[in-house]
Amino acid sequence: VSERFVIELHDGERLRAHEPTRAEVAKAASQLAAFYNDPHNSAMLAQDEELSDADVVAHYRALAKEGARAFFLELEDPIVRIVGDADLRSVTPEDAEVAILIGDRSMQGKGLGLRFGVMLHAFAFGTLGLRRTYASIIPANAASLRLFEKLGYERDDTPAARRFVEEPDDVVLSLEPARFARLHGAMADRARVRPLGR
Ligand SMILES: CC(C)(COP(=O)(O)OP(=O)(O)OC[C@H]1O[C@@H](n2cnc3c(N)ncnc32)[C@H](O)[C@@H]1OP(=O)(O)O)[C@@H](O)C(=O)NCCC(=O)NCCS
């Protein structure tokens with residue numbers, strides 16, 4: 001599955017997640033850097049350095065190089081604006097690690113994380129056919145712990161899960177497609193996933 005994809009969910013609001021081109025990453029780099037450098041976000045992401053626009057471009061280039069699937073999270077209201085980003089990294093035919101950011105602080109806590117999360121997992125399980133996804137979260141990140149719990153994630157202390165920790169007290173959770181389908185199948189079915197071409 002090497003094409004770029006877009007995932008859309010019209011749910012009152014129009015949510016769109018798409019895999020950006022290099023040019024789109026360059027154009028959005030300063031906005032993404034502001035998201036990552038926001039003091040609350042950087043603490044929750046356990047990121048200790050201020051990121052430049054060039055760092056953001058390098059981060060996306062590194063993701064592309066390792067075969068990750070990175071998405072811009074956008075709202076069409078009606079002008080398209082980026083509210084965050086998300087990716088599947090360490091992707092194998094079986095599994096991947098998930099990361100998600102609603103970067104605009106004023107947009108957090110409004111249910112966007114859950115809906116974009118469902119869209120991303122519709123792609124991970126439906127399009128890529130993964131059998132499990134993992135999330136590694138710092139214990140202080142209550143919003144993220146709650147978001148992943150709502151998505152259906154459960155604590156996973158197996159070695160396959162613990163390979164994703166950065167600090168020993170990080171919590172690793174995982175999710176299988178059957179449980180995701182039970183909890184969110186209705187919403188996932190309404191998410192339209194299609195290739196954008198190169
Ligand atoms: C974590 C994050 C993606 C969640 O997205 P969001 O749009 O804010 O979350 P939602 O509005 O969809 O809420 C999902 C659940 O989390 C809860 N929640 C949201 N913010 C919370 C907070 N600060 N503390 C506790 N629970 C919180 C919501 O109440 C909701 O649960 P409920 O339905 O039981 O009430 C977003 O807050 C974010 O990007 N934070 C900074 C970066 C980050 O931590 N990324 C994840 C790294 S693992």
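In each ligand, atom 1 is the first atom listed, and ligand 1 is the first ligand listed.
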Any nitrogen or oxygen of [X], side chain or backbone, less than 3.5 Å from one on ligand 1?
X: Gly109; answer: yes
X: Met107; answer: no
X: Ser136; answer: no
X: Lys110; answer: yes
X: Leu101; answer: no
X: Met44; answer: no
X: His40; answer: no
X: Ile137; answer: no

Pairing of [X] and [Y] as salt bridge, 4.0 angstrom limit:
X: Glu8; Y: Arg194; value: yes
X: Arg131; Y: Asp95; value: no
X: Asp170; Y: Arg162; value: no
X: Arg132; Y: Glu94; value: no
X: Glu149; Y: Arg146; value: yes
X: Arg115; Y: Asp11; value: yes

Starting from [atom], which protein heavy atom do you reach first, and at what distance in Å?
atom: atom 28 (C) of ligand 1; result: Arg146 CG, 4.4 Å
atom: atom 5 (O) of ligand 1; result: Gly113 CA, 3.4 Å
atom: atom 40 (N) of ligand 1; result: Gln108 NE2, 3.6 Å
atom: atom 2 (C) of ligand 1; result: Leu147 CD2, 4.2 Å
atom: atom 25 (C) of ligand 1; result: Ala142 CB, 3.8 Å
atom: atom 19 (C) of ligand 1; result: Ala143 CB, 3.9 Å

Aromatic plane relationship, Phe164 with Tyr134 - under 30° parallel, 30 to 60° tilted, over 60° perpendicular: tilted
Whether Phe125 and Phe180 hold their rings parallel, tilted or perpendicular, with breakpoints at 30° and 60°: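 Tilted.
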Any non-hydrogen protein atom less than 4.0 Å away from [atom]:
atom: atom 45 (N) of ligand 1; result: yes
atom: atom 33 (O) of ligand 1; result: yes
atom: atom 7 (O) of ligand 1; result: yes

Glu19 CD to Asp85 CG distance, which is reported to the nearest 0.5 Å: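 Rounded to the nearest 0.5 Å, the CD-CG separation comes to 12.5 Å.
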Flag if over 12 foreign heavy atoms under 6.0 Å of CZ, Arg163: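 Counting neighbours around CZ of Arg163, more than 12 heavy atoms of other residues, nucleotides or ligands fall under 6.0 Å, so yes.
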Distance under 4.0 Å to a non-hydrogen atom of [X]: what atoms of ligand 1 satisfy this?
X: Asn141; value: 43 (C), 44 (O), 46 (C), 47 (C)
X: Ser144; value: 1 (C), 46 (C), 47 (C), 48 (S)
X: Leu45; value: 42 (C), 43 (C), 45 (N), 47 (C)

Lys/Arg cation over aromatic Phe116: Arg16, 6.0 Å, 45° cone: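 Output no; distance or angle outside limits.
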Sub-4.0 Å heavy-atom contact, Gly111 with ligand 1: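 Yes, Gly111 has heavy atoms under 4.0 Å from ligand 1.
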Backbone N/O of Glu49 and side chain of Gln47: donor-acceptor pair under 3.5 Å: yes
Arg69 side chain vs Leu88 backbone, donor-acceptor pair below 3.5 Å: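 Flag not set: sc Arg69 to bb Leu88 has no pair under 3.5 Å.
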Mode of Leu114 contact toward ligand 1 - side chain, backbone, both, neither (heavy atoms, under 4.0 Å): both
For atom 39 (O) of ligand 1, the option (of Asn41, Leu73, Asp38, Ile102) bearing the nearest heavy atom: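 Residue with the shortest heavy-atom distance to the ligand atom: Ile102.
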Verdict with reasoning, Asp87 to Tyr60, per side chain to side chain donor-acceptor pair (under 3.5 Å): CA-CA 10 Å; Asp87 62 76; Tyr60 268 81; over 6 Å; no
